[in-house]
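Since the structure comes first, as structure tokens, the remarks are kept for the end.
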Amino acid sequence: VVSTKPREEMNLESDRLVANFVPDGWSTKLDATGHVTGFRKNAAGEDAVTGDTGTLTFWPRFSQPKELNVSGNVVLRSKEEKSGDTRTMQTAAFRMEFSGGKEHEFSKPLTAETLGAGTMEWTDSVTQAGAIAPARTQLQADKLTMTFADTTGKAKEVHANGNVHTERWITGHPVQTATASAGTALMSPNGGWSQMDLQGDVKLKEADRSGQADRAVFERAAQTAMLTGHAIARDATTQTQARRIVF
């Protein structure tokens with residue numbers, strides 16, 4: 001199924017497609033089974049989703065997307081046109097809700113959530129000086145929920161709940177890991193994350209250095225991590241305790 005609109009292209013492919021229509025002619029639902037692949041491209045970037053099965057329901061009369069459900073080995077990839085940064089979400093089942101239902105109004109994503117454990121990974125488009133590969137950041141949790149800006153339809157925040165685990169890989173540095181009960185990642189306009197806020201029994205580790213606190217806030221641009229609430233930092237020979245510790 002292919003949809004072409006001014007400045008936007010969309011398509012959906014699978015082994016089997018079933019479209020449901022009302023007598024007036026507009027579509028109500030599209031069921032896809034087997035090797036489901038969806039793709040959308042516009043001036044802002046590209047989005048692609050794959051899975052085993054999928055269902056797309058439409059707003060009445062205008063055949064605009066209302067809700068997308070995909071299950072079975074779900075992978076959702078997004079690439080920003082300006083920055084080239086990429087974002088990948090993996091989960092067993094996924095749901096996305098869209099605005100719309102009004103004439104002359106395009107559907108825009110409102111929320112996207114995993115219906116179980118999920119993993120989100122960001123890959124920088126620019127490789128840092130001296131590095132052989134771009135930096136990567138991964139966020140895992142029992143549930144991930146992404147919200148989008150009302151005006152632009154771009155991702156705004158990612159909320160992680162339950163057994164939160166993050167990893168960051170930078171060439172020439174040990175892997176940086178953190179665990180917490182919950183967390184929120186704020187998204188930058190170029191599609192990457194700008195700030196990550198972890199709460200609840202936060203623990204950090206990088207080689208022989210470690211830390212813990214009630215809360216940790218990571219600022220990507222400033223390259224800082226701030227621990228607050230019973231903050232402790234350790235290395236091979238020392239331990240420091242304070243109300244706030246900034247790396």
Q: Would you mind checking if Lys79 and Glu46 are paired as a salt bridge, meaning a charged N to carboxylate O distance below 4.0 Å?
A: no
Q) How long is the span from the CG atom in Leu30 to the CG atom in Leu56, to the nearest 0.5 Å? A) 6.0 Å
(Q) Can you list everything that forms a side-chain contact (heavy atoms from CB on, under 4.5 Å) with Gln212? Sequence neighbours excluded, please. (A) Lys203, Ile232, Arg234
Q: Please round to the nearest 0.5 Å and tell me the distance separating atom CD of Gln64 and atom CZ of Phe98.
A: 11.0 Å
Q: Sequence neighbours left out, what passes side-chain contact (heavy atoms from CB on, under 4.5 Å) with Phe21? Give chain and number order.
A: Ala19, Ser27
(Q) Can a donor-acceptor pair be found, under 3.5 Å and without considering hydrogens, that links the side chain of Trp193 to the backbone of Arg220? (A) no
Q: Not counting sequence neighbours, which residues clear salt bridge (Lys or Arg N to Asp or Glu O under 4.0 Å) with Asp47? List them please.
A: Arg40
Q) Do Thr137 and Arg168 have a side chain donor and acceptor closer than 3.5 Å? A) yes
Q: Compare every heavy atom of Leu204 with every heavy atom of Ala178, then report the nearest pair and how far apart it is.
A: CB-CD2, 3.4 Å
Q: Determine the minimum heavy-atom distance between Ala185 and Trp122, stating which atoms define it.
A: CB-CH2, 4.1 Å
Q) Can you name the side-chain contact (heavy atoms from CB on, under 4.5 Å) partners of Asn163, sequence neighbours left out? A) Asp142
Q: Measure across Phe94 and Ala112 and return the closest heavy-atom pair with its distance rounded to 0.1 Å.
A: CE1-CB, 3.7 Å
Q. When you check the side-chain N and O atoms of Thr53 and Ser71, is any donor under 3.5 Å from an acceptor?
A. yes
Q) If every non-hydrogen atom of Ala216 is compared with every non-hydrogen atom of Leu227, which pair is closest and at what distance? A) CB-CD2, 3.6 Å
Q. Are Val75 and Thr88 close enough that some pair of their side-chain heavy atoms sits under 4.5 Å apart?
A. yes
Q) NZ/Lys156 to CG/Leu186 distance, rounded to the nearest 0.5 angstrom? A) 10.0 Å
Q: Using atom types as modelled and distance alone, determine if a side-chain donor or acceptor of Thr91 lies under 3.5 Å from a backbone N or O of Ala117.
A: yes
Q) Going by atom types alone, do Thr55 and Asp31 pair a side-chain donor with an acceptor below 3.5 Å? A) yes
Q) What pairs of residues pass the salt bridge (charged side-chain N to carboxylate O under 4.0 Å, His left out) test when at least one of them lies in residues 112-121, not counting sequence neighbours? A) Arg95-Glu113, Glu113-Lys143, Glu121-Arg136
Q) Does any non-hydrogen side-chain atom of Val158 lie less than 4.5 Å from one of Leu139? A) yes
Q.
Pairing donors with acceptors under 3.5 angstrom, does anything connect the side chains of Asp197 and Gln199?
A. yes
**Q.** 4.5 Å side-chain heavy-atom contact, Arg215 and His230
**A.** no
**Q.** Set of residues satisfying salt bridge (Lys or Arg N to Asp or Glu O under 4.0 Å) with respect to Asp214, sequence neighbours excluded
**A.** none
Q) Taking all non-hydrogen atoms of both residues, which atom of Ala32 and which atom of Leu12 are closest, and how far apart? A) CB-CD2, 4.5 Å
Q. Which atoms form the tightest heavy-atom contact between Gly183 and Leu198, and what is the distance?
A. CA-CD2, 4.0 Å
Q | hydrophobic_cluster_shared for Phe58 and Leu110, side chain cutoff 4.5 Å | A | no
Q: Might you confirm whether atom CG of Asn161 has over 12 heavy atoms from other residues, nucleotides or ligands at distances under 6.0 Å?
A: yes
